[in-house]
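Since the structure comes first, as structure tokens, the remarks are kept for the end.
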Amino acid sequence: MEKIFRPEFEKYLKRYSSIKKAVKRKVDNLLEAPMGFGEPLKGDLCGFSSCSVKKNFIVIYVYCRECRANGYQDIHKCPDCDKTPDETVTFL
């Protein structure tokens, strides 16, 4: 399973370094079984999923296989979608 961290994700992780270990654990768990791990988002974030890290913090991500299977790649328009393997999780 590949993982991609968008610059925004890394920026917020630096800002909230106190939860870095909790985020790493959540990311590791998510990579083991990305299907059905988090909660699907709605509205403008349709196709993305989220999982809580702590009370006020969530991780937003997209599993490429699920995104393509549901036809969300036309909505998201990820710049590197055609080059990214299905077994990739992108953290936003």
Side-chain angles (χ1 to χ4, degrees):
M1 183 74 57
E2 291 186 43
K3 58 187 171 191
I4 297 173
F5 297 103
R6 295 280 182 207
E8 302 88 6
F9 183 89
E10 293 176 341
K11 175 182 147 188
Y12 285 112
L13 195 57
K14 284 181 184 177
R15 182 185 294 172
Y16 299 104
S17 61
S18 62
I19 61 165
K20 200 173 202 174
K21 288 181 183 178
V23 170
K24 183 180 178 344
R25 280 193 304 271
K26 192 64 76 166
V27 166
D28 290 343
N29 290 338
L30 193 144
L31 291 173
E32 289 178 21
M35 292 290 284
F37 185 81
E39 295 291 322
L41 298 175
K42 299 176 183 172
D44 291 343
L45 297 175
C46 186
F48 294 112
S49 296
S50 70
C51 58
S52 62
V53 176
K54 292 213 173 199
K55 186 177 181 180
N56 295 324
F57 293 95
I58 61 170
V59 171
I60 298 176
Y61 66 94
V62 63
Y63 178 40
C64 293
R65 176 183 298 272
E66 189 173 26
C67 179
R68 291 179 183 132
N70 293 314
Y72 293 127
Q73 73 272 18
D74 295 331
I75 297 170
H76 298 158
K77 297 183 170 93
C78 294
D80 51 356
C81 183
D82 56 336
K83 300 173 194 157
T84 305
D86 279 350
E87 296 302 314
T88 303
V89 177
T90 302
F91 295 91
L92 308 167

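Fair warning: this is a prediction, and the values are worked out from it, not measured in the lab.
- Of the inter-residue distances, the one linking Ile4 atom CD1 with Leu92 atom CG reads 10.0 Å to the nearest 0.5 angstrom.
- Contacts classified as salt bridge (Lys or Arg N to Asp or Glu O under 4.0 Å) and involving residues 30-44 (residues at least two apart or in different chains) are not found.
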> Hey, mind stepping through Arg65 and Glu87 against side chain to side chain contact (heavy atoms under 4.5 Å, CB included) and telling me if it holds?
Replying inline: CA-CA 6 Å; Arg65 176 183 298 272; Glu87 296 302 314; 2.4 Å; yes
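- To the nearest 0.5 Å, atoms SG (Cys46) and CG (Asn70) are separated by 8.5 Å.
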Expected list for residues 7-31: side-chain donor-acceptor pairs under 3.5 angstrom, two or more places apart:
unit_1, atom_1, unit_2, atom_2, d
Lys24, NZ, Asp28, OD2, 3.0
Lys26, NZ, Ser52, O, 3.0
Asn29, ND2, Arg25, O, 3.4

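- The NZ atom of Lys3 sits 12.0 Å away from the OG1 atom of Thr88 when rounded to the nearest 0.5 Å.
- The only option from Asp74, Asp82, Asp86 that meets the salt bridge (Lys or Arg N to Asp or Glu O under 4.0 Å) definition with Arg68 turns out to be Asp86.
- Closest non-hydrogen pair, Tyr61 versus Pro34, comes out as OH-O, 4.1 Å.
- Under a hydrophobic-cluster definition in which Ile, Leu, Val, Met, Phe, Trp and Tyr are linked whenever side-chain heavy atoms come within less than 4.5 Å, directly or via other members, Val53 and Val89 are assigned to the same cluster.
- Taking all atoms of both residues into account, the shortest heavy-atom contact from Ile60 to Phe48 is CG2-CB, 4.0 Å.
- Contact record, Cys64 with Pro85: CB-O, 3.7 Å, taken as the closest heavy-atom pair.
- The two residues Gly38 and Cys51 make their nearest non-hydrogen contact at CA-CB, 4.3 Å.
- The aromatic rings of Phe5 and Phe91 lie parallel to each other, with less than 30° between the two planes, well short of the 60° mark.
- Ile58 and Phe37 are not part of a single hydrophobic cluster, where members link through side-chain heavy atoms under 4.5 Å apart.
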